[in-house]
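Working notes, structure below.
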2 protein chains.
Amino acid sequence: MHPEQVPPVLADALFRPVRTGNAFEETMERMLQAIRLGAIPPGGRLPPERELSARLGISRVTLREALRALQESGHVESRRGRYGGTFVRPVPTHRAVAGPPPSPEAVEDTLTLRFVLETGAAETAAARALGPQVRRHLRACLQDCASAPPTDYRRTDSRLHLAIAEATGAPSLTGAVADVRSRLNALLAAIPRIPANIEHSDAQHRDIVNAILDGDPPAARTAMAEHLAGTASLLRGFLA
Amino acid sequence: MHPEQVPPVLADALFRPVRTGNAFEETMERMLQAIRLGAIPPGGRLPPERELSARLGISRVTLREALRALQESGHVESRRGRYGGTFVRPVPTHRAVAGPPPSPEAVEDTLTLRFVLETGAAETAAARALGPQVRRHLRACLQDCASAPPTDYRRTDSRLHLAIAEATGAPSLTGAVADVRSRLNALLAAIPRIPANIEHSDAQHRDIVNAILDGDPPAARTAMAEHLAGTASLLRGFLA
DNA sequence: CCGCATTGGATCGCGCACAGACCATTAACA
DNA sequence: TGTTAATGGTCTGTGCGCGATCCAATGCGG
């Protein structure tokens, strides 16, 4: 007997895990993502626990467990009372967690998804009529990125890329870009030292943002593709 | 006092729900996805419960609850004993569940993400050196799609698009395409009747597959973009 | 200086999901 | 024709996450 089988690659995609880890771990990951991607800047305040737990779809108890862990790891700080809240601490103790090196397949997978999502986001953003507020935000992120000290580069860089995704106006796309960006940052953390191609990056960032602001989708896509190629070959060199 | 706030769009993306629904519902969704997307053809056999529950990262009890529900809804059928298993029933009782009409924002969100993912997948697939097996699979899906009766069109169409995503070799991208495709099918289900532009679609499918097999990324992207435009304007017309 | 709205902090009972073991059934194969 | 391996079917105890409710602190407005 030979029942029809589902192709292996498709099976991996469709029958992938329903839930990755428990609620606590998922929540930790999400909060760290928000902090590391610079969505909540140092000194910034997180939404109140009741609101945040509702947004994340988890109980307040579970959220508080995660926040407590983040507190102990030095990422956030809590203050009680009205006008209190949970605040992101500036430059937390950056202890590099040395995990197992990622497999070449995982690297290629992440880079492929990233390329598709981010070039697509740039193109889509350029095709939209952007409001003045969004345009200002893009320029501000670009400026932050260019003038940031090397220690903040990773964060401001993520912030800019996220801003581009936001400019598409599609929440799903923004979320997908945020996720793949987190995966990318995890890969970059496994690299010993980052070469000083920051100036080069800044110029590329400017090209991308200009193309988007000018409403030139093909140029935005091309500029983004060139920008991503740098990081991609860097990662492939170290990890693949 | 005015603590720095996180931009609303980004907050929606980052603080989106950690887990959508309970494990049972998630599992149901996943299994229905596999069936409706045609990954498991009618008559095909699902992996054994033990293996499937392990893949999905859930307990066998929970998986069985979902399978039982699918059994009662007529989607699958179980047989005990060696060489038994759970099989997809041909053409289950297609009772259309009339939910609330999707919001225009949700439609636009889905269409945007779909455009980015699927054009990106086509381009990526065309840029790869495809093995003979993959090439055969693509051609087979194209053929199925062209020769399928109207009742099977949705399924074979999904199957072809999934095959293209598979051809990228990136599991994450394949999973993302499968997800957005499910969302799209949900939207299409809300439309009263599908116009008879199937022949047109078949020609476009051929163009896409040919461009991929010829290794012409720009042509693949363009062909896919044209193909998606049809469905997009259809949905926008009905729902936006 | 007082009152109060707002926020973090803490506790208790409930229900779902899990892990593991065991039972029942079936078709290929020797 | 018996054996056997693989599969669906069932049961029980355990732990995590949830909902709800209350407590504690704190700074602004009167």
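All chains are named by letter (A, B, ...) in the order of the sequence lines, taking the proteins before the strands, and each is independently numbered beginning at 1.
Aromatic ring orientation, B:Y153 versus B:H205: parallel (interplanar angle below 30°, classes split at 30° and 60°).
Pairs engaging residues 182-191 of chain B under the salt bridge (charged side-chain N to carboxylate O under 4.0 Å, His left out) rule: B:D109-B:R183 [sequence neighbours left out]. Applying the salt bridge (charged side-chain N to carboxylate O under 4.0 Å, His left out) rule to pairs touching residues 129-140 of chain A yields nothing, sequence neighbours excluded. A salt bridge (charged side-chain N to carboxylate O under 4.0 Å, His left out) check over residues 13-26 of chain A, counting only residues at least two apart or in different chains, returns the pairs A:R16-B:D179. Residues in residues 59-69 of chain B take part in these salt bridge (charged side-chain N to carboxylate O under 4.0 Å, His left out) pairs, two or more places apart or across chains: B:E49-B:R60, B:E49-B:R64, B:R68-B:E72.
DNA chain D is contacted by both A:R82 and A:N22; A:N22 maps to the nucleotide lying nearer its 5′ end (nearest heavy atom per residue).
Listed in residue order, the members of residues 62-71 of chain A having a heavy atom less than 4.0 Å from DNA chain D are A:T62.
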Which atoms of nucleotides 19-21 of chain C (N or O only) lie under 3.5 Å from a protein N or O atom, and what are those distances?
none

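Looking at residues two or more places apart in sequence or on another chain, you find a salt bridge (charged side-chain N to carboxylate O under 4.0 Å, His left out) between B:E51 and B:R55. In this view, B:R30 satisfies the side-chain hydrogen bond (donor to acceptor under 3.5 Å, both in side chains) rule with no residue, not counting sequence neighbours. Under the side-chain hydrogen bond (donor to acceptor under 3.5 Å, both in side chains) criterion, A:T119 pairs with A:R221, not counting sequence neighbours. For B:R36, there are no salt bridge (charged side-chain N to carboxylate O under 4.0 Å, His left out) partners two or more places apart in sequence or in a different chain. B:A34 is linked by a side chain to side chain contact (heavy atoms under 4.5 Å, CB included) to A:L14, A:F15, B:I40, counting only residues two or more places apart in sequence or in another chain.
One can place CD of B:E49 at 11 Å from C1' of D:dT10, the figure rounded to the nearest angstrom. Whole-Å rounding puts the A:L56 CG to D:dC18 P distance at 10 Å. Spacing between atom CD of B:E51 and atom C1' of D:dG8 amounts to 15 Å, rounded to whole angstrom units. Atom pair B:R79:CZ and C:dT26:P shows a separation of 11 Å (rounding to whole Å applied).
Comparing the axis of the opening five pairs of the helix from C:dC1-D:dG30 to C:dA30-D:dT1 with that of the closing five pairs yields an angle of 10°, rounded to 10°.
Of the candidates D:dT7, C:dG9, D:dC28, the closest approach to any side-chain atom of B:R45 belongs to D:dT7. Checked against D:dG8, C:dG8, D:dG17, the side chain of B:P48 finds its nearest nucleotide in D:dG8.
Side-chain nitrogen and oxygen atoms of A:S78 include none within less than 4.0 Å of the OP1 or OP2 phosphate oxygen of C:dT7.
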